[in-house]
Amino acid sequence: MSETAYDGPDVSSGPVEAPGSRAAVEAALQRQGRSRSAAAISLIREAALLPVLIVLIIVGTVLKGGTFLSVTNISGIGQQISALGVITVGESLILLIGGLDLSLESIYGLAPMVAAWLLVPAASFGNGAQLNPYLGIGIVFAVGAAVGIVNGLLIVKGRLNGFIVTLGMTILLAGIQDGIVKGESPFNLPGAFGYLGSAYIGKIPVSLIVTAIVFVVVGLFLRYHRIGRSIYAIGGNREAARAAGIKVNRIRIGVYVAGGTLAALAGLMEAGRVSSVTGSQGYGEGIIFSVFAAAVIGGVSLQGGRGNMVGAASGVILLGLIQNILDLINAPNYWIDAINGAVILFALILARIIGGEATAE
Amino acid sequence: MNLPARAAASAAGPGVPAAEAVGIHKRFGSTQALRGVDLALRPGQCLGLVGRNGAGKSTLVSILSGVQPQDAGEIRFDGSPAPAPGATGAWRRKIATVFQHSMVVPGLTVAENVFLGRQPLRRGRRLGIVDWRRMREQTRQVMAEWGFEIDANEPCANLTVEQRQVVEIARALAAGTRCLLLDEPTAALERGAVQRLFERIRQLTGSGVAVLYISHHLEEVFEICQDVAVVRDGELVLTAPTAGLSTSDLVTAMVGAQAGAAAVRPAGAAHGAAGRNEPVRLAVEHVSLVSPGTSLIDVSLRVAAGERVGITGLRGSGATTLARVVAGATAPGAGRVLLDGRELPAGRRDVALRAGVGYIPEDRQREGFVATLGVAENVTMTITDLLARFAGVLLPGTRAAAAAPLARRLSVVSAGLGQPAGELSGGNQQKVTVARAVAREPTLIVAVTPTRGVDVASKELLLRALAEAADSGGRPGLLLATDELDDLVICDRVIVMVRGEVFAEFTQPPFGREELIAATEGLTLGGPAGRPDEQEPQT
C-alpha cells in the first residue's frame, strides 16, 4: 500500500485550536458532512447481500408464486430463522472481538434441556422436580451465561486456544444434554416456557419480534456504546486496545458470556417452537455451521474487528430463504445438504465480489 | 574462487544502469503520487533514496520492485525492459527488496529460507521432490562466497534480527539478483549490527551489486551512500554525490520551501533547574524484572512535574522495558511505581491510564493503533469514558468533535477523520498514536521511540508536541525511552541503562553524542563509571 495514496485534504492546515473551542467543533461538523459520503459507501458494503436476497425472492416467487409470498409462509420463515438469528448475533460478537466459539450450538441445546428436564413431570422425561416455568427460563439463561464464563476464563485468563476449548466444550455439553435425559426428549413444556418460541402477536411470531429486537439493540450497542466500540478495537488490534487502556480481558470474557446467553435464548425459542427439547437440538443438527455461514456471508470477519449486525441479519435471512425455497419445491431429501452447501459457497463468492476485499474473510 | 555469478553483474556493460526508472507517473484517486520520476541505479553504486513520509518514496519502491504497475513511464533492468507486471518470479531475479519487517519464515531452516519457493529439485523435477543435500550445499556456497557466517541448517527462529536480514540478502543473491532495495534496513538493528551491515553493503557494491538504500537516517545515508536522490511531492528534486552535500542541503531538498522550520527548542539550563523545585510526578522504586532478552535490576528514578527525562540504552538494556513498566504495559517482578505519590498497580495499563499516564508504545503497528478503525476513533480511544454520555452511549459526532483539535495539533494528514488508520502513512500513524496518548491530558507521558521510522519534519513535529505537552499548564512529566540519540535534545536529563541497570546520568544539556554512545556501551569517557549521582555532568 502506498503511503502517498491518501494524502487527501490536509487536516493540519489552519491555526491550532484548543480542544472543544467553537471553531474546532464547527470544523469537525464540516468534516462529518464530508465523511457522510464515506458512510454511504460503507452502507452499500453492508447491503452487499441485498441483490442476492432480491434474486432469491424473485426465484421463490417464480417457482412457487402465491405460496411463497403468503403471509403464512413469510411468518413461517421468520419463526424458522429466529433461533439461528439470535445465535448468529452471539457468534458475531465473539468473532468481532477476535474469538470463536463452537460451543454456542451445544449451549443452544443444553440450556433449554436442563430447564425442561427440571420443569416437566417424570412421565414427560423430566426428573420430577417440576420447577416453576419462570424459574426454568432463568435456568436457561444461567446455563448459557455460566458456560460463557467458563469459556471466557479458559480462553482469556487460561490463555488456551479458543478453537480447542470450545470444541471440547461442545462435545462435553452435548454429552450432558443426552446424559441427563438418557437420550429422551422432554415434552409437555409449560406454556410460559414455550411462549417465546410458539406464540404469535397477530400474524407475527413473538420469536421474530424478539430476534429483531436483539439485532437492533446489539447493532446500536456496537455502533453507539463505548464498550461496543471497544469490541471493534480489541478485534482490530488487541495490543493497541490494551495500550489505550481498554479493559481488554474483562470485555473479552463479557462477550463470551453474552454469546452464551444469546445462544441460550435461541435454544429457548427453538424449544418453544417444536414444543420439546430433543437430544439433537444444537450439536446433533450441527447448527454451528449455519451460524458461521450466516455470519461470514454477512461480512463478519473471522479475523475479528470487521462486520456489523445489518450484514449478519442479511446472512441469516439469506439462509432462511434458501431453506424455505428448498422446502417449498420439495427438493430431493438426500440432496438438500449438497444444494445448501453449494448455495452458501455461491453466496460467499458473490458477497466477496460485491463487497470487495474486506468482506467474507 | 570461481565467481560466475559476480561476473554476470557487469555483463551488460559499464555504462548501463542495473535498474532504471524513466518518466514514472503514478496516480491514486485524486492524488498524483509520482510525476515523471527518472532514477538510475548503476552496478556497484549505493544510492540513497530519501524523502518525507508521503513524498512518493514507497510508491517508487513498489513500482521499481514490480509490486504495482506505473501509469506511465518505463522500468528497465540492465538496459532491457522490465518483466511484465505480475510476473513476480521474473522481477525477483532482477531486483529484490529487503523490508523493514522480516520476510523470513521462522519455522524453516536458513537453507529453506534462502531457496524459499525455488528449492532445488531431485532428478525427475516433475515429481517436485526437494533435493535437500543440494539446497544445503548451495546455501553454504552462497554464504561462503559473500562471507556470511550463518549455518545453513539453523532454524531461522534461532537467528537474531541482523542474521535474518543477512538471510534475506543471501536469498536475493542466490537467485542471481544483483540489484537490492534496502528499505529502512537499520530500523531494528543496534549500533554494532548497523556497522556490520554497512560493511556488507560495501562488500556487495564492491562486487558490482547495485544497492538502493532507503532511510530516514540522513547520517547513515552520508556514511554508506555515494549518491543520494531526494523525492518530494512525487518528483525527484535532487540527485547528487553525497560528498558535496551537507545535512541541511538534504533537509532543504526534502522539505522544500518551508525549510528552516523552527528547530525543536532544546531544553534550556533554566528549565532543567526549575524541574528540581517541582513536586515529584513519577517515582520508580527498586523495580526489578527478570525476563529473557531484557531484565531490570533494582532500578529507581524520579521525574519531576514538567521535567523531561530521557532513558536510552542498547537493545536489551532495559530502557524500553522500564518505560513499559511505568506505563503499566508490563508487570515488574518487584518494586513500585508511584504517580504523584500514589502507587500504581503492577501491569495494569487501564488503571495507569485513568491515573494519568499517557503511553506511546514502541511498536506502533502492534500496539499504537487499530488499523481497521478511523482516525477519530483511534485518537479518542483513551477518552471514551469522558466523552460518553448517558450509560456509556458515545455518538460518532462527539468523537469527531473531540478528535479534530487533536488531529490538528499533531498535523495528522488524512482523507478525513473517518479514514481507517491502517491506510495512513507511517508518520501519520505515529501522530495518531501520539494524539491518542495526549488526548486525556496525562500527568505523565511515557513515550517509547516515538520518532522511529518517521521523516525529519514529522520527527521534529512529534518531538515539539511532546516537549510542549510537558510545558503545558498541568506540568506533566515526560519519560522518553529511545535509542535515537537525536530525540534526547528535548530532555532535561538523560539516564543511560546498561544490561538492566542505571549506568550513567547526564544532567546538563546539551548531551554529547560521543559520551552518550560510550555510556550505552558501558564505557565512560574521561573517568571511571560512577554511580548516577557522581557522574560528571557533560558539556
Side-chain angles (χ1 to χ4, degrees), chain A residues 1-21 23-32 34-36 38-39 42 220-221 223-230 232-248 250 301 304-306 358, chain B residues 28-31 33-34 53-59 62 68 234 327 329 349-350 352-354 359 361 366-373 377 381-382 384-385 387-388 392-397 400-409 411-419 423-426 436:
Chain A
M1 186 87 331
S2 161
E3 63 186 13
T4 55
Y6 302 96
D7 290 4
D10 188 346
V11 178
S12 68
S13 56
V16 175
E17 288 144 8
S21 78
V25 172
E26 273 170 12
L29 291 177
Q30 210 182 346
R31 261 190 300 282
Q32 246 183 295
R34 207 182 302 154
S35 68
R36 205 150 282 161
S42 84
L220 291 175
F221 176 81
R223 179 128 184 77
Y224 295 111
H225 196 277
R226 48 186 291 253
I227 294 180
R229 299 316 296 172
S230 297
Y232 281 97
I234 296 168
N237 185 343
R238 193 187 298 163
E239 291 312 315
R242 205 189 299 277
I246 291 174
K247 293 182 170 111
V248 172
R250 196 179 296 183
S301 168
R306 281 207 193 107
Chain B
F28 296 102
S30 59
T31 312
L34 293 176
N53 293 329
K57 247 181 332 165
S58 301
T59 312
S62 65
Q68 50 183 331
R349 179 65 206 119
D350 52 335
L353 172 85
R354 281 161 190 81
Y359 176 41
R366 211 173 81 84
E367 297 182 81
F369 59 92
V370 181
T372 45
L373 296 181
E377 187 136 20
M381 200 169 278
T382 51
T384 53
D385 53 336
L387 295 178
V393 171
L394 178 50
L395 301 177
L406 284 161
R408 225 164 243 266
R409 200 163 112 196
S411 311
V412 177
V413 179
S414 68
L417 291 175
Q419 184 178 17
E423 296 179 355
L424 301 180
S425 70
R436 186 183 81 167

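To find a chain, count down the sequence lines: A is the first, B the second, and so on, and within it residues start at 1. All values reported here derive from a predicted model rather than from experimental measurement.
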Pick one of side chain, backbone, both or neither for R238(A), based on which atoms fall under 4.5 Å of a heavy atom in chain B. neither
Between R349(B) and A243(A), is there a donor-acceptor pair closer than 3.5 Å when you use the side chain of the first and the backbone of the second? yes
Under the side chain to side chain contact (heavy atoms under 4.5 Å, CB included) test against R226(A), which residue among D385(B), L387(B), V393(B) passes? D385(B)
Pair count under 4.5 Å, heavy atoms only, with chain A: among T372(B), L353(B), L394(B), highest is L394(B)
Let me confirm one number: the CG-CG distance from L373(B) to N237(A), rounded to the nearest 0.5 Å. 9.5 Å
Atom of M381(B), atom of A241(A) and distance for their closest heavy-atom approach: SD-CA, 4.5 Å
Out of A388(B), G392(B), A371(B), return the one with the most heavy atom pairs under 4.5 angstrom to chain A. G392(B)
Most chain B-contacting option - heavy-atom pairs closer than 4.5 Å, from S230(A), A233(A), G305(A), A244(A): A244(A)
Flag if over 12 foreign heavy atoms under 6.0 Å of CZ, R354(B): yes
To check you understand the geometry: which heavy-atom pair defines the closest contact between D350(B) and K247(A), and what is its length? OD2-CG, 3.2 Å
Does R242(A) use its side chain to pair, donor to acceptor, with the backbone of E367(B) at less than 3.5 Å? no
In short, Y232(A) meets V370(B) closest at the heavy-atom pair O-CG1, 4.3 Å
Closest contact, heavy atoms only, A240(A) versus R436(B): O-NH1, 3.0 Å
Determine the minimum heavy-atom distance between P396(B) and R223(A), stating which atoms define it. CG-NH2, 4.0 Å
